[in-house]
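Encoded as structure tokens, the structure appears first; notes follow it.
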Amino acid sequence: MEAPTPLPLSFFSRPTQVVARELIGCHLAIKRNGATKRYTISETEAYDGFDDLASHASRGKTKRNEIMFREAGHIYVYLCYGLHWMFNVVTGAAGYPAAVLIRGVRTQDGNLQYNGPAKLTKALGLTDAYNGQILSRDLGLWIEARKPASPKPIITATARIGVDYAGPIWAEKHYRFLLA
DNA sequence: GCAGTGATCATA
DNA sequence: ATGATCACTGCC
């Protein structure tokens, strides 16, 4: 059987809300020690541009968030609350800060679920070693499209989690996407 | 409900 | 140099 192709970087070079929604049902692939593991993406959140007060980028470019300003397909990993790694994929045009936080995955057989951004980075071993890299087969970390034959995922959108500090306008936007 | 935990950023 | 904050989790 032919190996599935990684999503092209042009997939990510679109509005972050679109990418966040379409990533649901796609497969996160990790190759380590010659073995590739695949996980179905079940929860995402979009962080969009300069004005989004929930986004790190809303207060301008800094040493930490400059990854968000790079070309789509870059990986942005940062430490939250001193102990949790958060895994994001940069989206949109270069120079425009946007990213999708991967918040949940499940194994393809559905037996294991990691529902929580820090739980999945811990389970999958995703750390700042990937920060600033680009998704690719060479890196050993990439994302594949949902199999065309598989049923179309049922997706719901809700407000994002843990962003009340951003104020109601931005906290209430339905930028979180979930696989039913 | 809230402690843990430390990088990051604004302020000085 | 200091202090507040934080895209969370797990245990009370």
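Chain naming here is simple, since letters A, B, ... match the order of the sequence lines and numbering starts at 1 in each.
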Exercise. Give the first and the last nucleotide of DNA chain C, reading 5' to 3', that has any atom under 4.0 Å from a heavy atom of chain A.
Key: C:dC6 to C:dG10
Quiz item: Using a heavy-atom distance cut-off of less than 4.0 Å, which residues of residues 155-180 of chain A contact DNA chain B?
Solution: none
Quiz item: Taking the side chain as C-beta and beyond, is there a heavy-atom pair between A:Asp48 and A:Gln17 under 4.5 Å?
Solution: yes
Practice problem: Please name the pair of heavy atoms, one in A:Arg106 and one in A:Ala180, separated by the smallest distance, quoted to 0.1 Å. | Solution: NH1-O, 4.1 Å
Is there any protein nitrogen or oxygen under 3.5 Å from a nitrogen or oxygen in nucleotides 1-4 of chain B, and what are the pairs?
none

Quiz item: Would A:Ile143 and A:Ile41 satisfy side chain to side chain contact (heavy atoms under 4.5 Å, CB included), going step by step from the backbone distance to the final call?
Solution: CA-CA 9 Å; A:Ile143 299 177; A:Ile41 296 171; 4.3 Å; yes
Quiz prompt | Pairwise side-chain contact, A:Val90 with A:Ile75, heavy-atom cut-off 4.5 Å (strictly under) | solution = no
Self-check item: Derivation of the side-chain hydrogen bond (donor to acceptor under 3.5 Å, both in side chains) call for A:Gln108 and A:Tyr39
Solution: CA-CA 6 Å; A:Gln108 289 186 304; A:Tyr39 303 86; over 6 Å; no
Quiz item: Given side chains that start at C-beta, do those of A:Leu124 and A:Tyr114 come closer than 4.5 Å, heavy atoms only?
Solution: yes
Quiz item: Which pair of heavy atoms, one from A:Thr16 and one from A:Ala99, lies closest together, and at what distance?
Solution: OG1-O, 3.2 Å
Self-check item: Interface with DNA chain C, restricted to residues 115-134 of chain A and to heavy atoms under 4.0 Å
Solution: A:Gly116, A:Pro117, A:Ala118, A:Lys119
Practice problem: For A:Glu43, enumerate each residue passing the salt bridge (Lys or Arg N to Asp or Glu O under 4.0 Å) test, keeping only those at least two apart in sequence or located in another chain. | Solution: A:Arg103, A:Arg176
Quiz prompt | Close residues, residues 70-78 of chain A, relative to DNA chain C [heavy-atom separation under 4.0 Å] | solution = A:Tyr78
Quiz item: With side chains defined as the heavy atoms from C-beta onward, is the minimum distance between A:Trp85 and A:Asn131 less than 4.5 Å?
Solution: no
Practice problem: Kindly express the pairing pattern of DNA chain C in dot-bracket notation, using | wherever a base pairs with another strand and counting only Watson-Crick or G-U pairs under 3.5 Å. | Solution: ||||||.||||.
Quiz prompt | salt bridge (charged side-chain N to carboxylate O under 4.0 Å, His left out): pairs with one or both residues in residues 24-42 of chain A, sequence neighbours excluded | solution = A:Arg38-A:Glu144
Exercise. State, with a plain yes or no, whether a side-chain heavy atom of A:Phe69 is found less than 4.5 Å away from one of A:Pro97.
Key: yes
Exercise. Answer yes or no on whether A:Arg14 is positioned over the face of A:Phe12, meaning its NZ or CZ is under 6.0 Å from the six-membered ring centre and within 45° of the axis.
Key: no
Quiz item: Looking at residues at least two apart in the chain, or sitting in another chain, which of them share a salt bridge (Lys or Arg N to Asp or Glu O under 4.0 Å) with A:Arg137?
Solution: none
Quiz item: Which pairs with one or both residues in residues 64-73 of chain A pass salt bridge (charged side-chain N to carboxylate O under 4.0 Å, His left out), sequence neighbours excluded?
Solution: A:Glu66-A:Arg70
Quiz prompt | Residues in contact with DNA chain C, drawn from residues 43-68 of chain A - heavy-atom cutoff 4.0 Å | solution = A:Tyr47, A:Ala54, A:His56, A:Met68
Practice problem: Can you run down the salt bridge (charged side-chain N to carboxylate O under 4.0 Å, His left out) pairs that involve residues 49-62 of chain A, sequence neighbours left out, and say none if there aren't any? | Solution: A:Asp52-A:Arg160
Quiz item: Considering only heavy atoms from C-beta outward, does the side chain of A:Asn115 approach that of A:Val105 to under 4.5 Å?
Solution: no
Practice problem: Answer whether the closest heavy-atom distance between the side chains of A:Leu178 and A:Ile155 falls below 4.5 Å. | Solution: no
Quiz item: Within a radius of less than 6.0 Å around CG of A:Leu53, do more than 12 heavy atoms belonging to other residues, nucleotides or ligands occur?
Solution: yes
Quiz item: Roughly how far, to the nearest 0.5 Å, is the OG1 atom of A:Thr91 from the NE2 atom of A:His74?
Solution: 13.0 Å
Exercise. Would you name the heavy atoms of A:Pro153 and A:Ile24 that are closest together and state the gap between them?
Key: CG-O, 3.9 Å
